[in-house]
There are 2 protein chains.
Amino acid sequence: MALEHAILVSLLEKPGSGYELARRFDRFIGYFWTATHQQIYRVLKRMENDGWVEARDVPQQRRPDKKEYSVADLGRAALSSWLHDPIEPESVRHDLAVKIRGAAFDDPAALIREVERHRQAHRDRLAHYLAGEERDFTGAAAGAAVPEAPPDAERELQHVVLRGGIAYERMMIGWLDDVLATLARFGPGH
Amino acid sequence: MALEHAILVSLLEKPGSGYELARRFDRFIGYFWTATHQQIYRVLKRMENDGWVEARDVPQQRRPDKKEYSVADLGRAALSSWLHDPIEPESVRHDLAVKIRGAAFDDPAALIREVERHRQAHRDRLAHYLAGEERDFTGAAAGAAVPEAPPDAERELQHVVLRGGIAYERMMIGWLDDVLATLARFGPGH
DNA sequence: TCGTGCTATGCAACTTGTTGCATAGCAAGT
DNA sequence: ACTTGCTATGCAACAAGTTGCATAGCACGA
């Protein structure tokens, strides 16, 4: 599995607690990975036992203390080895596509609102990604002004992955328009 | 979960055995769902116990007998109820995207072959989908000549889902070209 | 002081999905 | 006879992911 590797990459980009990781996965890494905090805590514990990451207690003001994790040598090696292993192209699972084909055996028009809801969600995500791109990559200073900006390769690779998320959302919005037009043809009364 | 519902839809489109379902999922439904035969047999058994599907023994010539499943009333009702329930937009998990961001902490150029392999896989799938579209939807007769062709709504909805698969593969190929161009900029010699 | 809400960590039970193996019929080639 | 390969079904063990719950610090407002 790759959750461990996703965590390693995220911690290499910036050390953090389980809670922080969960938020990164929720908010921004969302366009290529998702995980709940329970999953993250569990995997993080196993990774610590395996010596992939190291924990450090960080006392905090105005909020509970946290455990900050960073990547250990063993973790770096594990990531490197995984990077050199070929993986299979992803398998896809789209509940919505199942619903669309299933609608043929029910009322196609009843699905319109659902599809519209999904389209709106994809629009929201697209807007979120575009705002992030503007802020972090194509903005005036483009991060070059920030003193502790990550090196070129890291930034460029983050950006190309973000562009993938953007391309995905645009594709989905276009396709859902197509779906809506198709459903409309079997409209009220049908 | 939706594997049960995917099976219901597939069986409504055409009754079949567990083995046949596994092949449908492998070969063609692949662009919106995947499942192994073990999963399918297990779920099919549970669905039979729940009265969602009915099995019929079909003796065959020149090959082992099979159990042909078809959808029972309870299954149709379960599908209908699921269709009217809202679902969450899919969560995405792209190992390859994790690798791309991870490459910043290893050798970016080492990833080029892997990405090329994936691009080729997506090209193959695209060709497969386009061939299926030509054959089933945009070919001269467009299935209208076939006496037992499914009704309009069913065909149209199958087609729009297929168009989604095609759009997805095209988007992926385009993005992977972008990724390759980006990786090339951190080429040999670091 | 009581509730609300965010930060922060975690357990337990359950559901899904994967991997490896086993069985068996039947056809075709060596 | 033996192997290969496709059809056809299935078990068992394991890995991964989800859901519901529990705890606790601290801030802020009613």
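Order of the sequence lines sets the chain letters (A, B, ...), proteins ahead of strands, with each chain counted from 1.
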* With sequence neighbours excluded, residues passing salt bridge (charged side-chain N to carboxylate O under 4.0 Å, His left out) with A:Arg117 -> A:Glu114
Do any side-chain nitrogens or oxygens of [X] fall under 4.0 Å of OP1 or OP2 in [N]?
| X | N | answer |
| --- | --- | --- |
| B:Tyr19 | D:dT7 | yes |
| B:Lys67 | D:dG10 | yes |
| B:Thr36 | C:dG17 | no |
| B:Tyr41 | D:dG10 | no |

* Is there a donor and acceptor pair closer than 3.5 Å between the side chain of A:Arg42 and the base of D:dG17? -> yes
* May I ask you to list the residues of residues 43-52 of chain B, by number, that have any heavy atom positioned under 4.0 Å from an atom of DNA chain D? => B:Lys45
Can you measure [X] atom [atom1] to [N] atom [atom2] for me and round it to whole angstrom units?
| X | N | atom1 | atom2 | answer |
| --- | --- | --- | --- | --- |
| A:Asp26 | C:dC6 | CG | P | 13 Å |
| A:Ile40 | C:dC11 | CD1 | C1' | 17 Å |
| A:Asp57 | C:dT9 | CG | C1' | 12 Å |
| B:Phe25 | C:dG17 | CZ | P | 11 Å |
| A:Arg93 | D:dT18 | CZ | P | 12 Å |
| A:Arg23 | C:dT9 | CZ | P | 12 Å |
| A:Leu21 | C:dG10 | CG | C1' | 15 Å |

* Asked: Pairs in or reaching into residues 70-85 of chain A: which pass side chain to side chain donor-acceptor pair (under 3.5 Å), with residues at least two apart or in two chains?
  -> A:Ser80-B:Asp106, A:His84-B:Asp106
* Asked: Who pairs with A:His94 by ring-ring contact (aromatic ring centres under 6.0 Å, His included), at least two apart in sequence or on another chain?
  -> none
* **Bending between helix ends of the helix from C:dT1-D:dA30 to C:dT30-D:dA1 [5 pairs per end, 10° resolution]** => 10°
Side-chain polar contacts of residues 48-63 of chain B - donor-acceptor pairs under 3.5 angstrom, sequence neighbours left out - could you list them?
from    : atom 1 : to      : atom 2 : distance (Å)
B:Arg56 : NH2    : B:Glu68 : OE1    : 3.0
B:Gln60 : NE2    : B:Pro64 : O      : 2.8

* Asked: Do B:Leu79 and B:Val71 have side chains that get closer than 4.5 Å, going by heavy atoms?
  -> no
* Asked: Going by heavy atoms in the side chains, are B:Ile87 and A:His118 under 4.5 Å from each other?
  -> yes
* Structure fact -> Taking for B:Gln39 and for A:Glu20 the nucleotide of DNA chain C with the nearest heavy atom, the one nearer the 5' end belongs to A:Glu20
Extract all donor-acceptor atom pairs below 3.5 Å that involve side chains of residues 168-180 of chain A and protein atoms in other chains or at least two apart in sequence.
from     : atom 1 : to       : atom 2 : distance (Å)
A:Glu169 : OE1    : A:His122 : ND1    : 2.5
A:Glu169 : OE2    : A:Arg125 : NH1    : 3.4
A:Trp175 : NE1    : B:Val160 : O      : 2.8
A:Asp177 : OD1    : A:Arg119 : NH1    : 2.6
A:Asp178 : OD1    : B:Arg163 : NH2    : 2.9
A:Asp178 : OD2    : B:Arg163 : NE     : 2.7
A:Asp178 : OD2    : B:Arg163 : NH2    : 3.4

Set of residues satisfying side-chain hydrogen bond (donor to acceptor under 3.5 Å, both in side chains) with respect to [X], sequence neighbours excluded:
| X | answer |
| --- | --- |
| B:Lys67 | none |
| A:Arg46 | A:Glu4 |
| A:Glu20 | A:Lys66 |

* Among Ile, Leu, Val, Met, Phe, Trp and Tyr joined by side-chain contacts under 4.5 Å, find the other residues sharing a cluster with B:Tyr41 and list them by chain and number. => B:Tyr19
* Just by modelled atom types, is the A:Leu157 backbone N or O under 3.5 Å from a matching donor or acceptor in the B:Arg101 side chain? -> no
* Structure fact -> Expected string for nucleotides 21-30 of chain C under the B/S/- scheme (protein heavy atoms, under 4.0 Å, primed atoms plus P, OP1, OP2 as sugar-phosphate) is B---BSS---
